[in-house]
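Both backbone and side-chain heavy atoms feed into the values below; hydrogens, waters and symmetry mates do not.
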Amino acid sequence: KVELEEIKASLQQSEEKLKSMQRNGQELVEEIKTLKDGTPERKAKEEKLNLLQAQFQAKQRSEQANLKREQAKLQVTIYQEIQDNVKLVAEHNNITLVVKVSRNEIGSTSDPQRTQMMMAQPCIFHRKQDDMTEKVLALMNKKYLRDNPEAANRVTPASAEEPASAKKKPAAAAGSTGKVKTAD
């Protein structure tokens, strides 16, 4: 969450630069409107406007590419941290296999794409008490707060709660009762 906020702050700075460029362009358009057609001054302003538009579009594409790279980098980092912590919890509980399972249920047929995704899961059944998601998140939150004590007052630890659109609340993580656990 903190890293995502940093990306958002960087994005806001870029947007401000782009807005400034846009304002300059609008001012230039207004100046051009006051000049007579065919005059050297108008031609120079139009060329300046064309250059400014090209710079604006290039900057916009560059910022979008940077944002996508930063988001991808963040996703990889988070995924690797999740894998590392799943491994720790699994080894601590002597679990030999961890399967990724969506905790959302198929529910209504109003969203065919979601229904297809749910039906395509390789796991057809799992016991909710075997879900280790809360343990993994608790471990990740503890490590983050240990490494970033100043963040304790600024961030809310991540939880495995389902989105508001989901109807059922996840079951609490249970102790190790079997050899296979599930993780979101």
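Looking at heavy atoms from C-beta onward, Lys45 lies out of side-chain contact with Arg42 at the 4.5 angstrom threshold. Residues Leu49 and Glu31 fail the side-chain proximity criterion, which asks for heavy atoms closer than 4.5 Å. Thr39 is listed as a side-chain neighbour of Lys36, based on a closest heavy-atom distance under 4.5 Å. A 4.5 Å side-chain heavy-atom check between Leu18 and Gln22 finds every atom pair outside the cut-off. In this structure, Val76 and Lys73 have side chains that are not in contact, with every pair of non-hydrogen atoms separated by 4.5 Å or more. Residues Ile82 and Ile78 form a side-chain contact, since some pair of their non-hydrogen atoms from C-beta on lies under 4.5 Å apart.
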Side chain to side chain contact (heavy atoms under 4.5 Å, CB included) assessment of Lys87 paired with Asp84
CA-CA 5 Å; Lys87 180 181 175 186; Asp84 293 345; 5.8 Å; no
Side chain to side chain donor-acceptor pair (under 3.5 Å) between Lys135 and Asn85, intermediate numbers included
CA-CA 9 Å; Lys135 288 181 181 181; Asn85 286 286; over 6 Å; no
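Counting Ile, Leu, Val, Met, Phe, Trp and Tyr side chains that sit under 4.5 Å apart, directly or through other members, Tyr79 stands alone, with no cluster partners.
Between Lys33 and Glu30 a salt bridge is recorded (basic side-chain N to carboxylate O distance below 4.0 Å).
With Glu63 as reference, Lys59 is the one residue of Arg61, Gln60, Lys59 to meet the side-chain hydrogen bond (donor to acceptor under 3.5 Å, both in side chains) rule.
Counting only distance, with no hydrogens or angles, the side chain of Asn93 and the backbone of Ile95 share no donor-acceptor pair below 3.5 Å.
Sorted by first then second residue, the salt bridge (charged side-chain N to carboxylate O under 4.0 Å, His left out) pairs that include residues 13-26, not counting sequence neighbours, number zero.
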